[in-house]
Amino acid sequence: MTSPKIAFLNRCYWPDVEATGQLLEQLCGALSSDWDITVVAGQPNKNLTGQEFVRRGQQKRDGVTIDRLPHTTLPKRSKVGRLINLLSFTWQTRRWGRRVPAAQSFDVIVSESDPFFLPIVAAPIARRMGAKFVVYTQDVYPDIAIGLGVIKEGTITRQIRQRLLAAYRQADRIVVLDDDMRDRLVGWGLPPEKFSIVPNWVDTEAIRPLEGTNPFRIAQDLDDRFVVMHSGNMGMSQRLEVLIDAACHPEWPEQAVVALVGDGARKSALQAYAAQKGAKHVRFIEYQPIERLTESLSAADLHVVSMDANIRGCLAPSKLYGILASGTPVMAITPDTFSIAREIQSHQVGRAVEPGSISQIVDYVRWCIEHPRELEASGENARRLAQAKYDRKISCQQFADVLNSVCDREHSDQQPSSTPETYSETQ
């Protein structure tokens, strides 16, 4: 029997190291045994591995056909250049949809949200082909830009939202990352039954607690410290200044250090802010190679996930899943109404503190140091939660189930993984 054909549309894909590209590569690899997969992708922003790839046209990799589109690659540091790149890729995607012969049409078109206006172009492509249409969104624009104060609500943002809303209404299914994101889009005027929730994931076999001596802690001179770590992007949505302020508070424990690991648009500003404050308990550490991720994540005694209070339902911090897999407790700097805060507290893997509350951050760090057994139990809970709910095999099977449902196919007989299907909390 011929496998159904599915095309994923997303600017980012292998060999790009950006998170959405890596997640899509893993998803397509998991689906390729049951589906004929094509990924319509753009030019990589960062090819850190130096692997060669076809810059224009098709190539096969791991059972997936990659159809690479040419488009502008102006420097990302320029906002105008970045916008031109996204518009250029979207225009090329539109051209791609028009030139695919009818005999080679796809059964399903899946539009991701990189760039965020891609579903507007993808909807007519699916309609022309007579294909099922799925929107797979990792973030909600223009709401996130409004929430962060980048732009103001007005005529342009309302027009963008209406164009996106029209595209979403044509979708057979909208896949979102959590119930906050679903609720925000339902608030746009979309019916709840159109949504499926499939969280992002982690490979719990690759990322796991590190027993014994941690080379990362030794290399960074952290072995005798209580490490409060933020690992990943340092952008506008994290509001990490509050962590620096907490580390400068008079009651901050002397043995505790804030380790900010990674890069991002706000890193230079954060470094300048820490220098201005004389923040002796704050360290900035470069991104670590993926093969050392278990070491760096396990080096923390407490991980931080921070989200601006104004962007509920606009995105879901995927870094959480690697943290859980490493068996490390979490401090969520978010309102306790956020989905991530409810998840952390209901499964006893950490605590949520209010954004901007320096005293709550300091108090929780001190509590963690003074209650090592309870902290260890939270780490064990975190590992179990990752295996039971956020393992890659589980989420990829959930996405396969969505596709099978959309196409009225019987579900695959393949089981997602041998990890436990239920989660038992440790008191």
Side-chain angles (χ1 to χ4, degrees), residues 6 8 10 12-35 37 39 41 49 61-64 66 110 112-114 134 136-139 175-178 181 196-210 231-233 288-298 303 305 315-328 330 339-340 343-344 347 349 381-405 411-423:
I6 178 171
F8 283 87
N10 196 56
C12 187
Y13 194 70
W14 173 90
D16 208 325
V17 297
E18 291 190 9
T20 58
Q22 291 189 41
L23 288 166
L24 182 56
E25 180 187 3
Q26 293 168 8
L27 175 61
C28 290
L31 296 174
S32 61
S33 60
D34 290 328
W35 297 77
I37 305 286
V39 177
T49 63
R61 186 175 187 275
D62 296 337
V64 175
I66 305 170
V110 179
E112 292 211 37
S113 54
D114 180 11
V134 176
Y136 181 21
T137 184
Q138 296 279 338
D139 38 39
V175 179
V176 294
L177 304 179
D178 62 18
M181 191 175 286
S196 293
I197 296 175
V198 179
N200 285 337
W201 58 84
V202 63
D203 184 342
T204 60
E205 296 176 4
I207 306 298
R208 55 192 311 112
L210 185 65
S231 177
N233 185 53
Q288 299 302 299
I290 193 167
E291 60 270 15
R292 296 195 64 189
L293 197 54
T294 285
E295 291 179 16
S296 64
L297 291 178
S298 296
H303 269 284
V305 177
L315 53 81
S318 297
K319 71 179 69 180
L320 173 65
Y321 314 129
I323 293 168
L324 297 176
S326 73
T328 311
V330 186
S339 175
I340 183 174
E343 186 82 342
I344 287 170
H347 292 291
V349 300
N381 288 344
R383 175 65 182 176
R384 279 194 290 272
L385 178 58
Q387 291 176 305
K389 189 173 180 180
Y390 296 118
D391 184 73
R392 178 177 65 178
K393 294 177 183 177
I394 295 172
S395 290
C396 289
Q397 184 60 51
Q398 289 174 343
F399 201 100
D401 291 343
V402 170
L403 295 175
N404 289 327
S405 174
H411 287 196
S412 170
D413 291 334
Q414 245 181 342
Q415 294 299 312
S417 75
S418 58
T419 55
E421 295 183 359
T422 59
Y423 171 73

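Keep in mind that this is a model prediction, so the values were computed, not measured. One is the number of the first residue; the rest follow in order along the sequence.
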So does Thr204 get a backbone contact from the side chain of Arg383, meaning a donor-acceptor N/O pair under 3.5 Å? yes

Heavy-atom pair of closest approach, residues Gln398 and Ile197: OE1-O, 4.5 Å

SG (Cys28) and CG (Asp62) are apart, to the nearest 0.5 Å, by 10.5 Å

I need the Lys393 NZ to Trp201 CH2 distance, nearest 0.5 Å. 14.5 Å

Using ring centroids (six-membered ring only for Trp), state whether Phe8 and Tyr136 fall under 6.0 Å. no

What is the minimum heavy-atom distance between Ser326 and Ile323, and which atoms define it? OG-O, 2.7 Å

Out of curiosity, Asp203 CG to Arg208 CZ, how far, rounded to the nearest 0.5 Å? 9.5 Å

Could you tell me whether the side chain of Ser395 and the main chain of Pro199 form a donor-acceptor pair under 3.5 Å? yes

With rounding to the nearest 0.5 Å, note down the distance linking CZ in Arg292 to CG in Leu210. 10.5 Å

Checking the side chain of Asn404 only, and the main-chain atoms of Ala400 only, is there a donor and an acceptor separated by less than 3.5 Å? yes

Do you know which of Leu297, Ile207, Leu385, Asn381 makes side chain to side chain contact (heavy atoms under 4.5 Å, CB included) with Leu324? Leu385

Please lay out, stage by stage, how Lys319 and Ser231 fare under the test side-chain contact (heavy atoms from CB on, under 4.5 Å). CA-CA 8 Å; Lys319 71 179 69 180; Ser231 177; over 6 Å; no

Ion pair Glu205/Arg392, N-O distance below 4.0 Å: no

Which atoms form the tightest heavy-atom contact between Pro317 and Ile340, and what is the distance? CG-CD1, 3.5 Å

Of all heavy-atom pairs between Arg61 and Ile66, which one has the smallest distance, and what is that distance? CB-CD1, 4.1 Å

Residue from Leu177, Asp114, Val176, Val175 passing side chain to side chain contact (heavy atoms under 4.5 Å, CB included) with Gln138: Leu177

Check Ala206 against Thr294 and note the closest heavy-atom contact, atom names and distance. O-OG1, 2.9 Å

Test your reading of the model: is there a side-chain donor-acceptor pair from Thr137 to the backbone of Ser113, 3.5 Å cut-off? no

Going from CD on Glu18 to CG on Leu23, what distance comes out if it is rounded to the nearest 0.5 angstrom? 11.5 Å

Distance check, rounded to the nearest 0.5 Å: Cys12 atom SG versus Leu24 atom CG? 8.5 Å

Using the test ring pair (Phe, Tyr, Trp, His ring centres under 6.0 Å), find all partners of Tyr13 that sit at least two apart in sequence or belong to another chain. none

Trp35 to Leu403 - nearest heavy-atom pair and separation: CZ2-CB, 3.5 Å

